[in-house]
Protein chains: 2
Amino acid sequence: MGGRAKRVTLRSVAQEAGVSLSTASLVFSGAGAVSEATAARVRAAATTVGYRGPDPVASSLRRGRSGVVAVVVEDRLLTVFRDPYAVSRLDGLASVFDEIPASMLLVSQPDGNQGAAATRLASSAFDAAVFFGCGPDAGPVLDTLRAKGVPLVAMDTPVVDDVVRVGIDERPAAAAAAAHLAELGHTRIAQVVLPCDEPAGRVRPAHDYRAERFSTPRDRMHGVADVLGDAVPTVAATASDVDAGRVAGAALLAVADPPTAIVAQSDMLALGVVLAAGERGLDVPRDLSVTGFDGITQSWWPGRLTTVEQPGAEKGREAAHLVRALLAGEAAHDVTLPTRLRVGDSTAPPRSPAPG
Amino acid sequence: MGGRAKRVTLRSVAQEAGVSLSTASLVFSGAGAVSEATAARVRAAATTVGYRGPDPVASSLRRGRSGVVAVVVEDRLLTVFRDPYAVSRLDGLASVFDEIPASMLLVSQPDGNQGAAATRLASSAFDAAVFFGCGPDAGPVLDTLRAKGVPLVAMDTPVVDDVVRVGIDERPAAAAAAAHLAELGHTRIAQVVLPCDEPAGRVRPAHDYRAERFSTPRDRMHGVADVLGDAVPTVAATASDVDAGRVAGAALLAVADPPTAIVAQSDMLALGVVLAAGERGLDVPRDLSVTGFDGITQSWWPGRLTTVEQPGAEKGREAAHLVRALLAGEAAHDVTLPTRLRVGDSTAPPRSPAPG
DNA sequence: CTGAAAGCGCTAACAA
DNA sequence: TTGTTAGCGCTTTCAG
């Protein structure tokens, strides 16, 4: 509100122009089955009375559509946007929304506060929703979204029966990174995984994470296990950022028989590991090989990370296309995008053959 | 649309519960002037018929409020979110929106395409808008917003007569950084400025930028000029990110008589300058002092940047408070937040007294 | 405490 | 091509 003046409605415009309400409406929104002369008269009248265009709310009520797509992110904005990969997905979404056209209602979940997000969603108008890689507790939000009865598209989430999904084949993608290290001759390999159920910071063999409920870290661990077995020393990060990667990397390197290679589940984590190595006087890749995941372009590390590239922006665009299809009443099917191991400067054969 | 089932309305619930429409409405939205018994009956009926709660659109139309605040960013998402400082402002906004409560409609301007943003804004429902540091061409968007007649809050924008604004005193803030370098004994000082009208990459004396229309870079240049005069070798960046800073820094350092200190207009730019220095074999701060602006916490540079701290999250929160006040019909006044020079490890006296 | 009635501003049949 | 009519689903006076 804010004490602003009473809205000028279409009715006044019609009156001023001496036409009926519906004719005036046609001039603004409908396809112009109106003579140019009348249309001009209406537009002139609109200017005269100071009409600001059809009220989107009234129009939405009548048409049954709001032109808004809700985008539900899994965390607070600060966390989400710190990861360039997450941002590229959003940017991809935004670029297609522009064409649809649709506006983007951004719903965050501060401190994983699903309740607040669910409430906000329940009382917001939107025609469809996209939600991101959620953990196992997405219940409230997902229920609210389902209750709305709007089309839903999921990105990088666990498979949900009734929701169209865009993602990648996590397991083989992660396996590719592990295989690359194995081929280089590494035998002492450790991994840093994305935040998950398990408490962060403790180094434990991968099989201790077997019951993991967050699907992304779990599936990638499985991929690594497919190649290296499930005893790989593993540590969970507190977040997917450089700092968390540094802490996790430090933990992995502070053991008696440190690894010669580390698989990280995101590029941000991998860069953190590179820093941790530097702090111990280890050179990457000479003393330590590091692989990442995502394929972001970072500019401050002089080298190029060896990483599993996944098309972030394209994922966003793809999800938006699904939204568009669903909105148009068309069928939409899950999309799995390709990934590709990009070998950069952060991996090399181990410095010396395993002692023995 | 998407072919979903016909909406269950409040009318069916009332019928099922054997109460009137208005009573049922009171149960869901109004303050409960309804006996607990009736309320329970209504709620039960709602479950029976599968009512999903009041339709936000209808409710908005009736109440005259949508519960949405538009947040208009100055660029495409990818660009905006690349700067941690920009993100912290958004996060500050989001945290207060949660309390209001309000949802956030995020409107970007791909390729500075103001037209598209304006159109989208015109056809979207929202009760207020916040917009960010815009260049001189904000016309279309600003006009659309004004036409809506909703309360407007501006962040880090040039002063606009009829819009409440939150920002900092750019000029003295920038002057503080310059003064710090001068006090350390630097005499050969250059600067990297935020993207602006002037073509990026060319090194020219500051007075060549006198007609700059982007207010943030201009005001900060004025601050530097207040201390160092207006002949400071200056280069504009293409963006506010590390890469752009590196390019700009390289340009400044590639001259016959290179500077011993560089003032950068953002931390991201400053970090890029640090990289550029490293590439020329220069140590920061021994061979080159660098100051930033914003006070982000970055984790990969081992040192702490000397920088002008400005409270990003607080700026966002402050803006959201203004929105809340305006929405409540209260008066709201411009807010200017304090800044502070934080001396870190990126500045030191020049290595040797100027040769002479 | 509950019900009846009047719209919020617009759009889309349908009729002229 | 234009006008008439009937709501979209809800909230909110105002009576009872």
Side-chain angles (χ1 to χ4, degrees), chain A residues 1 4-43 45-46 49-67 122-127 148-149, chain B residues 1 4-43 45-46 49-67 122-127 148-149:
Chain A
M1 200 159 307
R4 61 179 174 286
K6 175 132 78 285
R7 189 172 233 291
V8 179
T9 91
L10 195 51
R11 162 164 276 113
S12 342
V13 177
Q15 237 151 27
E16 173 76 19
V19 299
S20 81
L21 192 53
S22 57
T23 303
S25 174
L26 253 11
V27 173
F28 286 100
S29 39
V34 181
S35 74
E36 188 42 53
T38 336
R41 203 142 42 85
V42 170
R43 274 191 287 267
V49 300
Y51 182 60
R52 308 170 150 178
D55 175 7
V57 177
S59 159
S60 297
L61 178 60
R62 183 57 235 236
R63 309 174 103 116
R65 282 220 184 201
S66 62
S123 62
S124 300
F126 51 89
D127 302 330
K148 280 262 174 184
Chain B
M1 200 160 304
R4 59 178 178 286
K6 178 137 68 291
R7 189 173 233 291
V8 178
T9 91
L10 195 52
R11 162 165 276 113
S12 341
V13 177
Q15 236 152 25
E16 172 76 20
V19 298
S20 82
L21 193 54
S22 54
T23 304
S25 174
L26 254 9
V27 173
F28 286 101
S29 40
V34 181
S35 74
E36 189 42 53
T38 331
R41 203 143 42 86
V42 171
R43 274 190 287 267
V49 301
Y51 183 61
R52 307 168 151 179
D55 175 7
V57 177
S59 159
S60 296
L61 177 60
R62 183 58 233 240
R63 306 175 107 117
R65 281 217 183 205
S66 62
S123 62
S124 300
F126 50 89
D127 302 329
K148 279 261 174 185

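This is a predicted model, so every value here is computed, not measured. The chains referred to below are lettered A, B, ... by the order of the sequence lines, with proteins before strands, and numbering in each begins at 1. What you see below is based on every heavy atom in this structure, not just the backbone, and it leaves out hydrogens, waters and symmetry mates.
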Mind calculating the distance between CG (A:Leu21) and C1' (D:dT5) to the nearest angstrom?
11 Å
Starting at atom CZ of B:Phe28, determine the distance to atom P of D:dC10, rounded to an integer number of angstrom.
9 Å
Distance check needed: C:dC10 P versus A:Arg52 CZ, whole Å only.
12 Å
Are B:Ser35 and C:dC1 close enough that a side-chain N or O sits under 4.0 Å from OP1 or OP2?
no
Measuring from the side chain of B:Leu10 (C-beta onward, heavy atoms only), which nucleotide among D:dG3, C:dG9, D:dC10 has the closest atom?
D:dC10
Across the strands shown, which category fits B:Val19 at heavy-atom distances under 4.0 angstrom: base, sugar-phosphate, nothing?
sugar-phosphate
Length of the line joining B:Arg41:CZ and C:dG3:C1', which is rounded to integer Å
13 Å
Ranking D:dT2, D:dT11, C:dC10 by distance to the side chain of A:Val34, first place goes to D:dT2
Expressed in angstrom and rounded to an integer, what is the separation of B:Gln15 atom CD from D:dG9 atom C1'?
14 Å
Whole-Å distance separating the CZ atom of A:Arg11 from the C1' atom of C:dC10
10 Å
Mind calculating the distance between CZ (B:Arg7) and P (D:dC10) to the nearest angstrom?
6 Å
Testing the basics here: between A:Ala39 and A:Val34, what is the closest heavy-atom pair and its distance to 0.1 Å?
N-CG1, 3.9 Å
Residue mapping more 5' on DNA chain C - nearest nucleotide basis, A:Leu61 or B:Thr23:
B:Thr23
For residues A:Tyr51 and A:Thr9, report the shortest heavy-atom separation together with the two atoms involved.
CE1-C, 3.7 Å
Provide, to the nearest angstrom, the distance between the CG atom belonging to A:Asp55 and the P atom belonging to C:dT11.
9 Å
Side chains of B:Asp55 and A:Leu61: does their closest heavy-atom pair fall under 4.5 Å?
yes
Would you tell me if any nitrogen or oxygen in the side chain of B:Ser25 comes within less than 4.0 Å of OP1 or OP2 on D:dT11?
yes
Does the side chain of B:Thr38 get closer than 4.0 angstrom to OP1 or OP2 of C:dT2 through an N or O atom?
yes
Between D:dT2, C:dG9, C:dG3, which nucleotide has the shortest distance from any of its atoms to the side chain of B:Ser20?
C:dG3
On DNA chain C, more 5' by nearest nucleotide between A:Ser22 and A:Ala58 is A:Ala58
Measuring to OP1 and OP2 of C:dG9, would you say a side-chain N or O of A:Thr9 lies under 4.0 angstrom away?
no
Identify the heavy atoms of A:Arg52 and B:Lys148 that sit nearest to each other, and give their distance.
NH1-O, 3.7 Å
B:Arg63 and B:Ser29: which non-hydrogen atoms are nearest, and at how many Å?
NH1-CB, 4.2 Å
